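Side-chain atoms are counted along with the backbone in the values below, which use heavy atoms only and exclude waters and symmetry mates. Start at 1 and go down the list; that is how both ligands and their atoms are numbered. These figures come from a predicted structure and were not determined experimentally.
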Amino acid sequence: MNDYKKTIGIEVHVELKTNTKMFSSATNGFGITANHNITPIDLGYPGTLPLINQNGVELALRAAVVLNCQINKEMHFDRKNYFYPDLPKGYQITQARTPIGVNGYIMIPLESGEKKIRIHDIHIEEDTAKSLHQEGHSYLDFNRAGVPLVEIVTEPDMNSDIEAMAYLEKLRELLLYANVSDCKMEEGSMRCDVNVSVSKTEKLGTRSEIKNIGSIHNVGLAINAEAKRQIELLEKSEKIIEDTRRYDEKNNQTILMRVKETGNDYRYFPEPDIPYLSLSDAFIKNVQENLPVMPEERRKTYLDGGISKINADKLIQNRELSDYLLNFSKINLVIASNLLLGDISSYLNKSNVSLNNTKLTIENFKQVVDKLEKKELSSKNVKDILNDLMEKECSLDEILSSNNIQNISDVSLLREIVLNIIKANEASVKDYKEGKDRAIKYLMGQIMKETKGSANPSVVNQILIDELTKL
Ligand code: ADP
Ligand code: MG
């Protein structure tokens with residue numbers, strides 16, 4: 001069974017984050033009362049004319065750029081004709097012949113290193129209405145009709161569930177950071193169809209397409225379930241029929257929806273109501289040069305700054321924290337990221353707020369990180385002032401003094417305190433000399449008490465041991 005090679009190609013539909021639909025002025029929004037967000041253009045009423053949403057083209061271009069595609073500067077839209085209730089016009093406006101981007105690729109991270117996944121093309125199209133099948137009835141919500149989409153099609157370059165999932169994670173990360181889409185699979189703004197085949201030879205096997213899988217995790221499960229089904233058929237010397245299937249999560253199997261009609265005739269022809277588009281060099285250059293800071297660049301900065309790989313990934317996964325770090329050019333990244341991923345994240349989770357909605361100022365954050373670095377504050381100090389930092393509009397000095405925290409950084413001052421404690425606790429010093437470990441803990445406790453917890457414990461510990469060994 002193991003000598004079969006799996007082959008996977010993926011088609012992803014992503015809704016673009018524009019304000020309005022691709023060809024009309026209706027809002028591009030989620031969660032609006034069904035059929036309350038439609039214009040006559042979205043329904044293709046006679047006499048209406050579509051108008052291209054420039055921002056839609058710009059976002060699609062940005063996606064094409066981050067997917068390393070060649071750009072089709074001269075492009076047009078096509079009509080894809082078919083009859084289905086979710087398609088009010090009887091055709092979908094798409095780009096069959098001149099996709100905005102072709103021949104791209106992305107690199108996906110695998111345990112064995114990086115792998116290149118080629119992008120066949122990325123094209124702009126409009127979304128269809130959403131159909132809902134409930135209790136024997138079918139319902140249609142035309143709010144989605146005309147929402148701008150890009151479809152991103154890979155070459156059949158993936159060979160396992162792991163690779164397919166890594167591709168989707170990477171694609172999602174790129175499109176999120178490029179501000180192209182919010183990529184929420186649960187809201188349908190990112191949807192994927194997965195093509196799977198198996199073969200024992202170099203020649204690819206017949207594929208099945210699994211439509212609309214609801215999560216990246218389920219893509220992995222669906223691929224394995226489908227490959228197993230195909231291998232079982234082949235082992236029984238049966239033929240695979242090219243078909244379209246869906247993934248049934250409950251029984252972990254793929255279920256036939258329809259056999260793929262061969263010779264599908266969509267009667268594609270250029271959309272006569274939309275003029276041919278010519279993207280100027282200036283327009284393309286502007287998009288290329290004004291990309292947001294992309295994840296790879298951020299990851300490099302993090303790793304160069306000494307952040308662990310795990311924490312770098314955590315930051316990238318949390319766009320808000322990652323963006324926050326962009327505010328600082330000279331900062332200890334390790335300390336800053338520990339603070340963001342540790343105490344600050346717990347605070348945000350507990351209070352259910354976003355970082356932008358707290359009172360934490362850039363100045364205070366920077367100062368706290370600097371003081372931690374210079375050991376002028378301990379992590380305990382930071383925990384003690386965290387609520388104030390997040391909730392009060394005060395300077396750090398004001399917060400520190402209202403919390404009775406002095407800056408105990410001065411080593412000579414600390415040494416003085418240590419010596420006093422040693423003098424006052426002769427019995428414990430004797431215990432220490434006799435090898436009783438508890439004695440040092442007791443002495444540390446006395447010093448921390450004296451400094452009200454504001455001294456850096458590791459610095460104090462070092463001074464204490466220094467002085468004790470001198471005795
Ligand atoms: P269609 O026109 O039916 O959508 P395409 O040729 O555009 O078909 O391919 C759709 C997707 O299927 C692409 O991502 C492609 O990589 C993938 N694909 C094509 N052939 C195979 C195969 N034999 N096994 C797995 N995936 C395949
Ligand atoms: Mg296709």
- Message: Could you walk me through whether Lys115 and Asp157 satisfy the salt bridge (Lys or Arg N to Asp or Glu O under 4.0 Å) test, starting with their C-alpha distance in whole Å, then the side-chain angles of each, then the deciding distance to 0.1 Å, before giving a yes or no?
- Response: CA-CA 9 Å; Lys115 179 170 177 180; Asp157 281 354; over 6 Å; no

Against heavy atoms of [X], which atoms of ligand 1 measure under 4.0 Å?
X	answer
Thr154	13 (C), 14 (O), 15 (C), 16 (O)
Pro156	16 (O), 26 (N), 27 (C)
Gly205	23 (N)
Gly9	14 (O), 16 (O), 17 (C), 26 (N)
Val153	13 (C), 14 (O)

- Message: At under 4.0 Å between heavy atoms, is it the side chain or the backbone of Thr206 that contacts ligand 1, or both, or neither?
- Response: neither

- Task: Name the orientation class of the two ring planes belonging to Tyr139 and His137 (parallel below 30°, tilted from 30 to 60°, perpendicular beyond 60°).
- Result: tilted

- Task: For the residue pair Phe365 and Phe328, categorise the inter-ring angle as parallel (less than 30°), tilted (30 to 60°) or perpendicular (more than 60°).
- Result: tilted

- Task: Run down the list Glu242, Arg207, Glu155 and name the one with the heavy atom closest to atom 9 (O) of ligand 1.
- Result: Arg207

- Query: Does a sphere of radius 6.0 Å around CD in Glu187 hold more than 12 heavy atoms from other residues, nucleotides or ligands, not counting ones at 6.0 Å or beyond?
  - Reply: yes

- Which of these, Asp273, Thr98, Thr94, Ile124, sits in a side chain to side chain contact (heavy atoms under 4.5 Å, CB included) with Phe77? Ile124

- Query: If we ignore angles and hydrogens, is there a donor and acceptor under 3.5 Å between the side chains of Glu242 and Thr206?
  - Reply: no

